[in-house]
Colleague: 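Provided herewith is a single structure, encoded as structure tokens, for subsequent inquiry.
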Amino acid sequence: MEELIKPIVERISSYNLFNNLFPGILFCYLLKTMLGIVVVSDNWIENLVIYYFVGIVISRVGSIVIEPIMKKIKIRKNPLLQFSSYSDYGRASKEEPLVATLSETNNTYRTLLSCFICIFVLKICIVINEICVGANVTFFQDNIEWVILLLLILLFSFSYVKQTSYVSKRVKSVIKRIEAKKSEAQ
């Protein structure tokens with residue numbers, strides 16, 4: 001068993017730990033303690049997969065939902081969030097490794113914010129569901145699996161588009177740098 005676990009643990013980066021696994025564990029804990037919903041089992045490997053997946057979902061909610069909302073919030077005519085261009089970030093992180101660390105920490109905060117907002121929204125949904133059940137409206141109870149599946153499909157579709165954009169920008173940046181080096185060499 002140790003031979004199986006060791007390579008997996010070695011591959012877990014601090015980013016994956018703090019932006020996927022930790023928020024997943026925290027969310028499942030809050031789900032149990034605040035809402036009385038238990039999603040884990042007695043199988044620790046199964047729980048690890050659940051924690052990681054829940055953390056990925058929470059991270060994606062932060063990236064696809066929370067981040068754009070925060071960008072649109074304006075305080076004194078300035079956006080709440082101001083981002084550097086991707087090319088500036090790339091150059092700065094090569095020059096100063098602390099920039100990448102700060103970005104990772106920033107993403108952790110966004111994911112934790114997303115975790116707490118998701119718990120809050122889930123609590124609101126539970127209250128609304130109780131009201132609906134009291135009024136004999138059971139559509140969501142009858143179709144909860146479909147609703148969850150549709151929301152996950154939408155969330156990961158938008159995540160895929162966003163990530164593809166990042167990869168494309170990175171490839172263009174690298175190609176531009178390679179071509180600049182070739183031009184300098186000639």
Colleague: Using every non-hydrogen atom in the two residues, find where Gly62 and Arg110 come nearest and quote the distance to one decimal.
Modeller: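 Heavy-atom minimum between the residues: O-CD, 3.3 Å.
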Colleague: I'd like to know if the side chain of Lys162 and the backbone of Ser63 have a donor-acceptor N/O pair within less than 3.5 Å.
Modeller: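 The answer is yes, because a donor-acceptor pair under 3.5 Å joins these two groups.
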Colleague: Would a 4.5 Å heavy-atom cut-off, applied to side chains only, mark Cys125 and Val121 as touching?
Modeller: yes
Colleague: Which pair of heavy atoms, one from Val99 and one from Ser93, lies closest together, and at what distance?
Modeller: CB-CA, 4.0 Å
Colleague: Counting only N and O atoms by type, is there a donor-acceptor contact under 3.5 Å from the side chain of Asn43 to the main-chain atoms of Glu46?
Modeller: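 Flag set: sc Asn43 to bb Glu46 pair under 3.5 Å.
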Colleague: Asn47 side chain to Val40 main-chain N or O, any donor-acceptor pair under 3.5 Å?
Modeller: no
Colleague: Tell me if the CD atom of Gln141 is crowded by more than 12 foreign heavy atoms within 6.0 Å.
Modeller: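 Counting other residues, nucleotides and ligands, CD of Gln141 exceeds 12 neighbours.
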Colleague: Do Phe27 and Val57 come within less than 4.5 Å of each other through their side chains, counting heavy atoms only?
Modeller: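 No, their side chains stay 4.5 Å or more apart.
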Colleague: Can you confirm whether Phe158 is buried at CZ, in the sense that more than 12 heavy atoms of other residues, nucleotides or ligands lie under 6.0 Å from that atom?
Modeller: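 Counting other residues, nucleotides and ligands, CZ of Phe158 stays at 12 neighbours or fewer.
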Colleague: Salt bridge between Glu67 and Lys71, side-chain N to carboxylate O under 4.0 Å?
Modeller: yes
Colleague: So does Thr164 get a backbone contact from the side chain of Ser168, meaning a donor-acceptor N/O pair under 3.5 Å?
Modeller: no
Colleague: In the structure I gave you, are the side-chain heavy atoms of Leu48 and Tyr52 within less than 4.5 Å of one another anywhere?
Modeller: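 They are not in contact (no side-chain heavy atoms under 4.5 Å apart), so the answer is no.
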Colleague: If I compare all heavy atoms of Ser114 with all of Ile58, which pair ends up nearest, and what's the gap?
Modeller: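 Shortest heavy-atom contact: OG-O, 2.8 Å.
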Colleague: The criterion is side-chain contact (heavy atoms from CB on, under 4.5 Å); which residues satisfy it with Lys169, sequence neighbours excluded?
Modeller: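 Lys169: side-chain contact (heavy atoms from CB on, under 4.5 Å) contacts with Tyr86, Ser165.
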Colleague: On a heavy-atom basis, which atom in Ser157 and which in Ile153 lie closest, and how many Å separate them?
Modeller: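 Residues Ser157 and Ile153, closest heavy atoms: OG-O, 2.7 Å.
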Colleague: Write down the atom of Ile66, the atom of Leu113, and the distance for their closest heavy-atom approach.
Modeller: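 Nearest pair, atom of Ile66 first, then Leu113: CG2-CD2, 3.7 Å.
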Colleague: If you compare all heavy atoms of Ile119 against all heavy atoms of Leu35, which two are closest, and at what distance to 0.1 Å?
Modeller: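 For Ile119 versus Leu35, the nearest heavy atoms are O-CD1, 4.3 Å.
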Colleague: Under a plain distance cut-off of 3.5 Å, with no hydrogens placed, do Asn19 and Ser59 share a side-chain donor-acceptor pair?
Modeller: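 Judged by distance alone, the side chains do not pair up.
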